[in-house]
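Below, read A as the first sequence line, B as the second, and so on, with proteins coming before strands; counting in each chain starts at 1.
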Amino acid sequence: MINITLPDGSVKHFEKGVTSMEIAQSISEGLARNVLSAEVNGVVWDASRPIYDDSTVKLLTWNDEKGKNTFWHSSAHLLAEALESLYPGIKFGIGPPIDTGFYYDVDLGDVSLSVNDLPAIEDKMLELAKEKNAYVRQEISKSDAIQYFEEKGDEYKLELLDGLEDGHITFYTQGNFTDLCRGPHIPDTGFIKAIKLTKVAGSYWKGDENRQTLTRIYGVSFPKQKELTEYLTMIEEAKKRDHRKLGAELDLFMFSEKVGAGLPIWLPKGTQLRERLQNYLRDEQEKRGYKMVVTPHIGGKELYVTSGHYAKYGADSFQPIHTPREGEEFLLKPMNCPHHCEIFAHKPKSYKELPLRIGEFGTVYRYEQSGELHGLSRVRGFTQDDAHIFCTQDQLKSEFLNVLDLTTTVLHKMGFNDFTAQISLRDPDNPDKYIGSDENWKAAESAIIEATLESGLKTTTVLGEAAFYGPKLDFMIKDALGRSWQLGTIQVDYNLPERFNLEYVGSDNKTHRPVMIHRAPFGSMERFISILIEHTAGKFPLWLTPDQIAILPISDRLNDYAKEVELKLSKHDIRGFIDDRTESIGKKIRDNELKRIPFMLIVGDKEAENGEVSIRRQGEGDLGSMKVEDFVILFNEALAKND
RNA sequence: GCCAGUGUAGCUCAGUUGGCCAGAGCAGCUGAUUUGUAAUCAGCGGGUCGGGGGUUCGAAUCCCUCCACUGGCUCCA
């Protein structure tokens with residue numbers, strides 16, 4: 001007999017070799033039907049795997065992230081089985097679960113797959129799922145495993161096997177499909193009731209663009225049909241919030257092929273929004289001791305040779321601008337820091353001037369790869385809410401905390417509460433990718449880690465994601481479709497001060513090298529606004545939205561009264577417009593609802609007589625009539641609540 | 001940049017076994033209507049079918065190429 005400890009702390013006795021499934025059955029049949037896998041002493045196992053020693057066991061179902069992972073991992077195997085039966089002879093890369101669903105990378109040889117082929121594959125998967133084939137685990141020697149895949153002719157699996165240690169290799173088989181796999185898996189394919197293959201994409205083997213292109217098939221699966229239907233509805237709703245769609249509907253921005261791909265054009269409404277954001281951010285920064293500057297959109301090529309950027313990015317950037325003077329070359333600025341370094345170097349600096357915080361809404365141009373462009377999120381010309389802080393080594397941590405406070409303050413003001421701070425450090429296996437000394441890197445990395453710890457932010461740490469000149473902290477946030485984007489960024493840099501030979505005179509009357517922090521709380525105005533649009537579905541906070549009110553006269557004869565109302569409200573800094581088109585009131589309401597105008601003020605003869613307006617709140621409907629003065633109060637209350 | 005897909009009027013879309021002057025709704029314009037909480041009615045104008053090249057008696061439709069966009073991959077100073 002062995003002792004099994006359950007999450008509630010209770011201990012039950014079972015025969016040696018009991019499975020998690022059997023433990024579930026001992027609790028209830030219903031639970032047993034829903035067990036996907038189990039966490040045994042902290043490791044996720046197959047529910048069907050025998051347990052031989054005293055253990056702590058947590059049964060995992062669809063309600064556990066780890067249970068879902070098992071489910072989706074098994075679904076990837078089912079996809080592979082379906083693919084192999086439909087396209088015999090294909091080779092398999094990897095097929096992991098992801099945040100939502102799973103994918104499998106396959107080499108289809110000469111076959112080219114499109115989304116039109118997916119329904120047939122789904123059907124095959126469902127057919128195989130109905131067979132309720134068990135996922136059977138098998139420990140196998142490395143030589144036998146190699147022999148299996150050599151006979152099958154799957155060089156990808158052989159390459160994966162190459163990195164595995166003999167004695168720790170397992171195969172999983174369900175139906176006619178066997179895969180090299182660590183597991184675990186769900187008991188049988190019958191658990192998978194609903195499947196949607198969502199997209200086909202190219203991917204590089206091992207993520208290396210110099211290696212084979214594989215076909216990646218993405219899918220998502222569920223234990224109940226209803227959950228798939230709900231998921232699909234959610235995706236449809238998310239698409240309605242897409243900033244590219246809303247940006248066009250709300251007349252915020254546009255693109256023009258003639259102007260160029262990835263070069264957003266801000267329309268009047270979008271410009272109002274953007275400038276209000278900038279003003280807000282400028283105020284917050286000036287409160288924190290930043291000094292704003294303006295620098296040109298171009299810079300001499302030597303500037304970027306000095307900074308080191310020309311050597312690293314020159315070939316893949318917008319190419320130099322030439323002038324009538326032979327040999328003279330300028331580059332569109334891809335970042336603001338070299339200009340700011342020149343500002344620092346302009347006059348001798350004393351330690352008394354530090355920290356020096358130089359801020360600029362600086363527009364930069366980067367020749368992003370064509371396949372990368374994406375609405376406002378990834379563009380070739382964008383405006384950073386940039387600043388560079390020059391400080392002493394001692395000031396580094398407090399400056400870092402100051403920036404963390406600024407960033408979290410502005411993100412919260414915008415209603416973003418769900419973001420993570422990603423600490424990006426060096427790839428220890430690839431020191432050649434980075435410039436700067438080892439000591440400096442270590443000092444910078446520990447400064448970031450310490451400050452972030454003190455701030456109490458939700459963090460993740462990723463090795464190998466650092467910039468080439470220093471480690472960084474990025475604020476990651478998700479768009480409507482769950483894709484993760486980097487917004488704000490804070491980067492420590494020991495490199496540029498050296499390259500620009502920046503110095504200050506210390507209290508010891510000796511020269512010292514300042515430390516530099518690059519930081520942008522929004523990242524770029526473009527990307528920030530793209531995320532803001534998706535999070536608010538176009539219903540911007542009242543203080544920020546381009547038009548706060550629309551006055552809708554019921555007929556032409558009320559236009560004069562509408563103007564009176566508009567004038568009164570503008571004296572209270574309430575902005576908007578009169579919709580005096582010769583349209584029915586129903587039509588005007590509909591149009592202004594769709595434009596997400598927060599308040600509609602409907603004025604007819606009754607209102608004009610009494611000095612009133614009839615209020616309609618966007619998305620809520622009629623709030624009844626009130627005096628104009630009372631509306632001002634109502635409006636200011638809504639403003640105060642940051643609605 | 002790579003893989004796959006898409007591109008017809010300002011917008012959403014129909015039209016593809018190649019064949020009369022390429023259609024609809026919305027938007028726009030003109031006129032009528034002066035309207036009470038999500039679309040008033042009528043008339044009119046509007047398209048190099050993404051650009052270029054080719055096949056064909058004939059191309060929106062088939063082929064090549066370039067561009068843009070979409071979904072991923074890679075990249076992101």
#### Entry: Distance between P atoms of B:rU6 and B:rU16 (Å, rounded)
16 Å
### Task
Mind checking A:K472 for me? I need base, sugar-phosphate or nothing, with any heavy atom below 4.0 Å counting as a touch.
sugar-phosphate
### Message
Check this one for me: any side-chain N or O of A:H374 less than 4.0 Å away from OP1 or OP2 of B:rG72?
### Response
no
### Summary
salt bridge (Lys or Arg N to Asp or Glu O under 4.0 Å) pairs touching residues 298-308 of chain A, sequence neighbours excluded, are A:K301-A:E329
### Query
Rounding to a whole Å, what distance do you find between A:I90:CD1 and B:rC3:C1'?
16 Å
### Message
Is any side-chain heavy atom of A:D547 closer than 4.5 Å to one of A:I597?
### Response
yes
### Query
Looking only at atom P, what distance separates B:rU30 and B:rG45, rounded to whole Å?
15 Å
### Query
In terms of side-chain heavy atoms, does A:D107 have a donor or acceptor partner in A:Q212 at a distance below 3.5 Å?
no
### Task
Just grab all the salt bridge (Lys or Arg N to Asp or Glu O under 4.0 Å) pairs involving residues 523-533 of chain A, residues at least two apart or on different chains.
A:R274-A:E526
### Task
Spell out protein contact along nucleotides 29-43 of chain B as letters: B when the base is contacted, S when just the sugar-phosphate is, - when no protein heavy atom is under 4.0 Å; keep the 5' to 3' order.
----BBBBBBBB---
## Note on the structure
Residues passing the side-chain hydrogen bond (donor to acceptor under 3.5 Å, both in side chains) test with A:R557, sequence neighbours excluded, are A:S555, A:D605
### Summary
Whole-Å distance, A:R366 CZ to B:rA77 P, equals 7 Å
### Nucleic acid contacts - residues 516-525 of chain A versus RNA chain B, non-hydrogen atoms under 4.0 Å
none
### Query
Can a donor-acceptor pair under 3.5 Å be found between the side-chain atoms of A:Y367 and the base atoms of B:rG1?
no
### Task
Would you mind reading off the distance between A:L373 atom CG and B:rG72 atom P, rounded to a whole angstrom?
14 Å
### Query
Which ring pair (Phe, Tyr, Trp, His ring centres under 6.0 Å) pairs, counting each pair once, include a residue from residues 593-620 of chain A, with sequence neighbours left out?
A:F599-A:F631, A:F599-A:F635
### Message
Regarding A:N501 and A:R513, do their side chains bring together a donor and an acceptor under 3.5 Å, going by distance alone?
### Response
yes
### Query
More 5' along RNA chain B: A:D208 or A:R380, using each one's nearest nucleotide?
A:R380
### Nearest-angstrom distance from the residue atom NZ of A:K199 to P of B:rC73
8 Å
### Query
Taking atom P of B:rC13 as reference, at what distance in whole Å does atom NZ of A:K245 sit?
8 Å
### Query
Given the P atoms of B:rU33 and B:rC41, what is the spacing between them in whole Å?
16 Å
### For A:R241, all residues meeting side-chain hydrogen bond (donor to acceptor under 3.5 Å, both in side chains), sequence neighbours excluded
none
### Query
Quick one: A:Q384 CD to B:rC76 C1', roughly how many Å, whole number?
12 Å
### Query
What interatomic distance, in whole Å, is found between C1' of B:rG54 and the corresponding atom of B:rA68?
22 Å
### Query
Using the C1' atom in both, what is the distance from B:rA59 to B:rC64, to the nearest Å?
15 Å
### Query
For A:K91 and A:D154, what are the C-alpha separation, side-chain angles and deciding distance, and is it a salt bridge (Lys or Arg N to Asp or Glu O under 4.0 Å)?
CA-CA 5 Å; A:K91 299 163 191 174; A:D154 194 327; over 6 Å; no
### Task
For A:L558, report the nucleic acid contact type (base, sugar-phosphate, nothing); a contact means any heavy atom under 4.0 Å.
nothing
### Query
When you check the side-chain N and O atoms of A:T420 and A:Q422, is any donor under 3.5 Å from an acceptor?
no
### Query
Using Watson-Crick and G-U wobble pairs with both distances under 3.5 Å, what is the 5'-to-3' dot-bracket string of RNA chain B, with [ ] for crossing pairs and | for pairs outside the strand?
(((((((..((((.....[...)))).(((((.......))))).....(((((..]....))))))))))))....
### Message
Can you measure A:D110 atom CG to B:rC3 atom C1' for me and round it to whole angstrom units?
### Response
15 Å
In residues 312-321 of chain A, what donor-acceptor pairs under 3.5 Å come from side-chain atoms, sequence neighbours left out?
from, atom 1, to, atom 2, distance (Å)
A:S317, OG, A:Y313, O, 2.7
A:Q319, NE2, A:G314, O, 3.0
A:Q319, NE2, A:S317, O, 2.7

### Query
A:Y313 stacking on B:rA77: centroids under 5.5 Å, ring planes under 30°?
yes
### Query
Taking atom types as modelled and ignoring hydrogens, do the side chains of A:N559 and A:D580 form a donor-acceptor contact shorter than 3.5 angstrom?
no
Please list each protein N or O that sits under 3.5 Å from an N or O in nucleotides 4-11 of chain B, with the distance.
none

### Task
Quote, to the nearest angstrom, the P distance that separates B:rU65 from B:rG19.
25 Å
### Whole angstrom value for the distance that separates C1' of B:rC73 from CD of A:E368
16 Å
### Pairwise C1' distance for B:rC67 and B:rU48, with rounding to whole Å
16 Å
### Query
Taking C-beta and beyond as the side chain, do A:I533 and A:F540 meet within less than 4.5 Å on heavy atoms?
yes
### Query
Using a cut-off of less than 4.0 Å, is there contact between a side-chain N or O of A:R216 and OP1 or OP2 of B:rG71?
no
### Message
Nearest to the side chain of A:T213, heavy atoms from C-beta on, is which of B:rC69, B:rA77, B:rC3?
### Response
B:rC3
### Task
Quick one: list whatever passes side-chain hydrogen bond (donor to acceptor under 3.5 Å, both in side chains) with A:T363, sequence neighbours left out.
A:T383
### Nearest-angstrom distance, C1' atom, B:rA14 to B:rG23
7 Å
### Message
Applying side-chain hydrogen bond (donor to acceptor under 3.5 Å, both in side chains), can you list everything that pairs with A:K606, at least two apart in sequence or on another chain?
### Response
none
### Task
Please state whether the phosphate of B:rA77, meaning OP1 or OP2, lies under 4.0 angstrom from any side-chain nitrogen or oxygen of A:K312.
no
### Query
Centres of the A:W485 and A:H374 rings: under 6.0 Å?
yes
### Query
Closer than 4.0 Å, any side-chain N/O of A:Y218 to the OP1 or OP2 of B:rC73?
yes
### Message
Applying a 4.0 Å non-hydrogen cut-off, can you work out what A:R378 is touching in the nucleic acid: base, sugar-phosphate, or nothing?
### Response
base
### Query
Hey, which of these two, A:R483 or A:S370, hits RNA chain B nearer its 5' end, going by closest nucleotide?
A:S370
